[in-house]
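Heads up, the thing below is written out as structure tokens.
Positions are given from 1, in the same order as the sequence printed here. All ligand and atom numbering here is 1-based and tracks the order in the structure. This structure is a prediction, so every number in the text was calculated from the model and none was measured.
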Amino acid sequence: MERKAEIKRKTFETDISLSLNIDGAGKGSIETGIGFFDHMLNLFTKHGLFNMDIKAIGDLDVDSHHTIEDVGIVLGQAISKALGEKKSIKRYGSSFVPMDETLAMVVIDLGGRPFLVFDAKFPSEKLGNMDTEMVEEFFRSVAFNAGMNLHIKLFYGSNTHHMIEGIFKAFARALDEAARIDSRIEGVMSTKGTI
Ligand SMILES: [Mn+2]
């Protein structure tokens, strides 16, 4: 059975519809009005082998902040809903992804304790109409709404586009691993019996 979720969220700042299939094939349609962010969410969908559609209309006349933060909230909620009871999932996932001169690492625990460690600094403040400081805010929204412990570290790099792309690909691969069903796992992956 495919693990799926659909979420709609509307505020005075943003109007977002998102559908996620954890057991997808890397296909989707992403429209947030922020070109570089769409590029990153498409990479996430492809490299995690998820299916994801997003339509987000946000107050981009203010800046990219609310739209990116709120897409993160909705994606986090969708991950949590799609995973459901988290029965037989591997729970932990990690990935290193190089992109030319840069190397990114992402480590995930889907154990239900939200936390973000974000260790990355970007030389450019903007890529198109996306504020690069919003990358950290996006992942904070995802982590806290998905109940995910998320550690992101960028070891080195110089091109901001490569650096952020490496992070999103590593995030996709780590999440794909953590969410993967392992038939050897009876119930949930915890000696406590609950995650
Ligand atoms: Mn690119």
Can you tell me how far apart CG (D53) and OG (S29) are? Round to the nearest 0.5 Å.
5.0 Å
If you look only at distance, which donor and acceptor atoms sit under 3.5 Å apart when one is on a side chain in residues 135-145 and the other is two or more places apart or in another chain?
| from | atom 1 | to | atom 2 | distance (Å) |
| --- | --- | --- | --- | --- |
| E136 | OE2 | R140 | NH2 | 2.9 |
| E137 | OE1 | R140 | NH1 | 3.4 |
| E137 | OE2 | R140 | NH1 | 3.1 |
| S141 | OG | E69 | O | 3.1 |
| S141 | OG | E137 | O | 3.3 |
| N145 | ND2 | S141 | O | 2.8 |

I'd like to know whether M52 forms a side-chain contact (heavy atoms from CB on, under 4.5 Å) with N21, so could you lay out the CA-CA distance, the side-chain angles of the two residues, the decisive distance to 0.1 Å, and finally the verdict.
CA-CA 6 Å; M52 184 165 74; N21 180 351; over 6 Å; no
Which atoms of the protein, restricted to N, O or S, are nearer than 2.8 Å to the Mn ion (ligand 1)?
H39 NE2, H161 NE2, E165 OE1
Looking only at side-chain N and O atoms, does S64 offer a donor or acceptor that is under 3.5 Å from a partner on N129?
no
Selection residues 74-99 - residue pairs positive for side-chain hydrogen bond (donor to acceptor under 3.5 Å, both in side chains), sequence neighbours left out
R91-D109
Listed partners of K169 passing side chain to side chain donor-acceptor pair (under 3.5 Å), at least two apart
E165
